[in-house]
Amino acid sequence: MAEENNKKQSNFIKQIIDEDLAGGRFDRVHTRFPPEPNGYLHIGHAKSICLNFGLAEEYNGKCNLRFDDTNPLKEDREYIDAIIEDVHWLGFDWEDRLFFASDYFEQMYQYAVQLIKMGKAYVDDLSAEEIKEYRGTLTKPGKESPYRNRSVEENLDLFERMRKGEFKDGEKVLRAKIDMKSGNLNMRDPVMYRIIHASHPRTGNKWCIYPMYDWAHGLEDSIERITHSICTLEFEDHRPLYDWFLDQLGVFHPRQIEFARLNLTYTVMSKRKLLRLVEEGYVSGWDDPRMPTIAGMRRRGYSPEAIRDFADRIGVAKANSVVDFALLEHCVRDDLNKRAERRMVVLNPLKVIIDNYPDDQVEELEAENNPEDANAGTRTVPFSKIIYIEREDFREEAPRKWFRLAPGKEVRLKHAYYITCNEVIKDENGQIVELHCTYDPQSRGGWTQDGRKVKGTLHWVSAAQAIPVEVRLYEHLFLKENPEEVEEGQDFTANINPNSLKIIKTALAEPGLKEAKPGQRFQFLRQGYFCADLKDHSAEHPVFNRTVTLRDSWARIEKKLK
RNA sequence: UGGGGUGUAGCCAAGCGGUAAGGCAGCGGGUUUUGGUCCCGCCAUUCGGGGGUUCGAAUCCUCCCACCCCAGCCA
């Protein structure tokens with residue numbers, strides 16, 4: 001695997017861990033990936049997953065998979081299942097350490113009681129709007145709630161009655177008693193519990209009070225004896241609160257470390273926006289091959305190895321950045337080049353009749369499956385008098401440096417013969433309908449002894465044996481590197497690429513491709529990497545998704561010629 | 001004088017006082033039965049800016065500038 005060859009480079013998190021280990025703060029490394037089950041995982045999560053599981057692996061430690069299911073209003077069982085599948089697919093194993101924040105609700109409750117008894121938490125009757133008012137602003141300090149100094153006994157009683165369901169949603173909250181004048185708004189008596197009378201995917205109706213992230217997360221980490229709690233930059237301001245709760249309780253205290261989340265060109269990454277793409281029908285679902293979700297990329301044909309390699313290459317730092325999508329594509333090509341078997345598929349067929357080839361003869365020619373892998377073996381492809389080539393591979397008037405087919409020119413048919421074009425047949429509209437060529441019987445296999453120079457090599461299929469297949473050509477979902485770059489009054493959907501999906505129902509493939517299994521990846525010679533669709537592909541109706549094109553240096557040359 | 005962060009090439013990113021790694025993209029060349037792959041070469045006299053310390057500064061000090069995050073009973 002690619003990522004195992006080049007040694008992984010250092011980053012600031014490893015340096016912190018090294019210091020913690022050397023200084024004795026911890027004697028082991030235990031991380032966790034803590035998704036909220038309120039949406040599908042995307043490539044940004046993949047970065048975090050690779051980071052957390054990768055660190056554990058490198059330091060001979062462990063990494064837990066933990067669902068942060070503290071908000072029953074937003075979370076769903078569907079997402080839990082999808083997330084589990086995706087993390088596994090990426091190649092990571094949490095063994096028996098699959099946890100849920102909801103597993104700790106009782107323990108969290110007891111800790112809250114402890115804080116109340118210490119006089120460090122209180123039940124507040126202020127409404128949500130009032131709490132907001134009392135919080136102050138970025139530049140003005142907040143003011144204390146009139147309920148802030150209730151007695152411990154009253155707080156204990158009220159909190160218990162909150163749990164029992166005696167109050168309606170929003171009627172009361174439990175707050176930490178910290179500092180309403182803090183410059184850090186998170187420290188202005190943050191809410192610890194709110195009342196939500198809703199059924200939870202795992203605890204059902206057992207609870208009607210649910211812990212807030214800041215209160216819950218540190219406890220989850222502490223309970224699981226996590227050493228390094230890695231999260232994204234926006235939680236940097238929350239670290240003082242994370243530390244405060246754990247310090248007050250005097251419990252095991254993990255170290256929170258923040259890193260910059262991944263951004264990719266031509267991509268939106270927020271769950272909210274991805275949800276919009278799905279709900280408003282811009283894509284077919286969370287696993288649409290154009291989505292930056294793990295499920296989408298899987299269906300597109302990206303391999304877990306390529307995604308992991310990508311995660312290694314982008315590094316980990318604290319500076320906000322936008323990674324070039326081309327790097328991801330490079331990783332995909334790099335992996336698939338070594339592993340994907342080659343096949344010939346003509347997307348836009350042009351009929352070629354080989355006049356001097358025996359009428360009813362069919363030859364089975366040998367073709368290597370992968371020039372990058374000797375162990376991939378060979379297969380056989382049929383050749384006959386009538387074949388199809390790619391329409392784009394023929395030009396009536398050849399431009400400079402063109403070494404594909406043109407009148408009077410000779411090219412090589414991959415694995416087959418040299419052919420020369422003699423005649424172009426057109427219909428009444430001037431459309432080319434077929435080509436008449438002659439072949440050189442001496443060039444069987446695609447080579448002659450005489451040292452003749454044949455620069456161009458084309459892929460082709462034999463007309464009688466070719467099978468029709470559907471091919472789905474994907475491009476970036478957005479036209480601009482930064483989809484958010486829009487005019488006044490518009491949003492990112494204004495930048496959606498109308499040509500992000502082009503369906504070709506009339507492609508012709510070499511017959512062996514009828515054996516393809518859903519999810520199987522190939523390189524279609526001279527075109528790109530393709531993957532049999534996970535959902536729609538069948539032997540009766542083959543469907544292939546274009547994962548990524550091959551690099552196309554002819555396109556570059558032609559551009560320069562103009 | 002609200003708090004917290006970040007600035008190294010077009011894009012990521014190492015670097016931790018001894019004179020700017022690596023990858024992607026791009027450009028030029030070679031090999032090639034995929035205009036693919038592979039191989040070779042080029043691509044920051046300079047690290048957001050000014051000042052200072054030092055024999056020596058991207059690294060230390062200082063002032064300034066730019067950008068990002070925070071006012072959910074979301075995570």
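Hydrogens, waters and symmetry mates play no part in the numbers below; they use all other heavy atoms, side chains included.
Each of F100(A), W207(A), F105(A) was compared with H200(A) under the ring pair (Phe, Tyr, Trp, His ring centres under 6.0 Å) criterion, and only F105(A) meets it.
In this structure, Y242(A) has its ring center no closer than 6.0 Å to that of H238(A). A ring-centre distance under 6.0 Å is not found for Y418(A) and W447(A). Aromatic rings of F544(A) and F530(A) (six-membered ring for Trp) have centroids beyond the 6.0 Å cut-off, not under it.
Side chains of Y417(A) and E363(A): a donor on one and an acceptor on the other come within 3.5 Å. No side-chain donor from either of H415(A) and E366(A) sits under 3.5 Å from a side-chain acceptor of the other.
Here the side chains of I178(A) and L241(A) are in contact, with some heavy-atom distance below 4.5 Å. Two residues are said to be in side-chain contact when any heavy atoms from C-beta on lie closer than 4.5 Å; R66(A) and I226(A) meet this criterion. The side-chain heavy atoms of T448(A) and D440(A), taken from C-beta on, include a pair separated by under 4.5 Å.
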How does protein reach along nucleotides 23-30 of chain B, written 5' to 3' as B (base within reach of a heavy atom under 4.0 Å), S (only sugar-phosphate), or - (no contact)?
SSSSSS--
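For the pair D189(A) and K143(A), the salt-bridge criterion is not met [side-chain N within less than 4.0 Å of a carboxylate O]. A salt bridge does not link E224(A) with R32(A): every distance from a Lys NZ or Arg NE/NH1/NH2 to an Asp or Glu carboxylate oxygen is 4.0 Å or more.
Look at the P atom in both G48(B) and U8(B): the space between them is 6 Å, to the nearest Å. Of the P atoms belonging to A44(B) and U31(B), the separation is 28 Å, rounded to the nearest Å. Rounded to the nearest Å, the gap between the C1' atom of G17(B) and that of C55(B) is 12 Å. Nucleotides G10(B) and C63(B), compared at atom C1', are 31 Å apart to the nearest Å. If you take atom C1' in C61(B) and the same atom in U45(B), they sit 25 Å apart, rounded to whole Å. Comparing G30(B) with G36(B), their P atoms sit 13 Å apart, to the nearest whole Å.
With a glycosidic angle further than 90° from 0, G48(B) counts as anti.
Side-chain nitrogen and oxygen atoms of R194(A) include at least one within less than 4.0 Å of the OP1 or OP2 phosphate oxygen of C74(B). For the OP1/OP2 pair of C70(B) and a distance below 4.0 Å, the side-chain nitrogens and oxygens of R188(A) include no atom meeting the criterion. Side-chain N/O atoms of T265(A) include none lying less than 4.0 angstrom from OP1 or OP2 on C11(B).
Summarising the geometry, the separation between NZ on K181(A) and P on U1(B) is reported as 20 Å, rounded to the nearest angstrom.
Among the atoms of the strands shown, base atoms are found under 4.0 Å from some heavy atom of N337(A).
Atom CD of Q15(A) is separated from atom CD of E19(A) by 7.0 Å, given to the nearest 0.5 angstrom.
Each of L185(A) and S182(A) was matched to the nucleotide of RNA chain B holding its nearest heavy atom; the match closer to the 5' end belongs to S182(A).
Paired regions of RNA chain B, where each region holds three or more successive Watson-Crick or G-U pairs whose two hydrogen-bonding distances fall under 3.5 Å, are B:2-7 with B:65-70, B:10-12 with B:22-24, B:26-30 with B:38-42, B:48-52 with B:60-64.
Distances from the side chain of S321(A) to the nucleotides U37(B), C12(B), G5(B) place C12(B) closest. Here G35(B) is the nucleotide among C74(B), C73(B), G35(B) with the atom lying nearest to any side-chain atom of D552(A). Here the side chain of E36(A) is nearest to one of A14(B), C74(B), G35(B), namely C74(B).
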Please list, for nucleotides 65-69 of chain B, all pairs of protein and nucleotide N/O atoms separated by less than 3.5 Å.
residue	atom	partner	partner atom	Å
C68(B)	O2'	N320(A)	ND2	3.1

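Of the possible donor and acceptor atoms, one in the side chain of R521(A) sits under 3.5 Å from a partner among the backbone N and O of G301(A).
Below the 3.5 angstrom threshold, one finds a donor paired with an acceptor across the side chain of Q15(A) and the base of C16(B). One N or O donor and one acceptor, one from the side chain of Q523(A) and one from the base of U34(B), sit under 3.5 Å apart.
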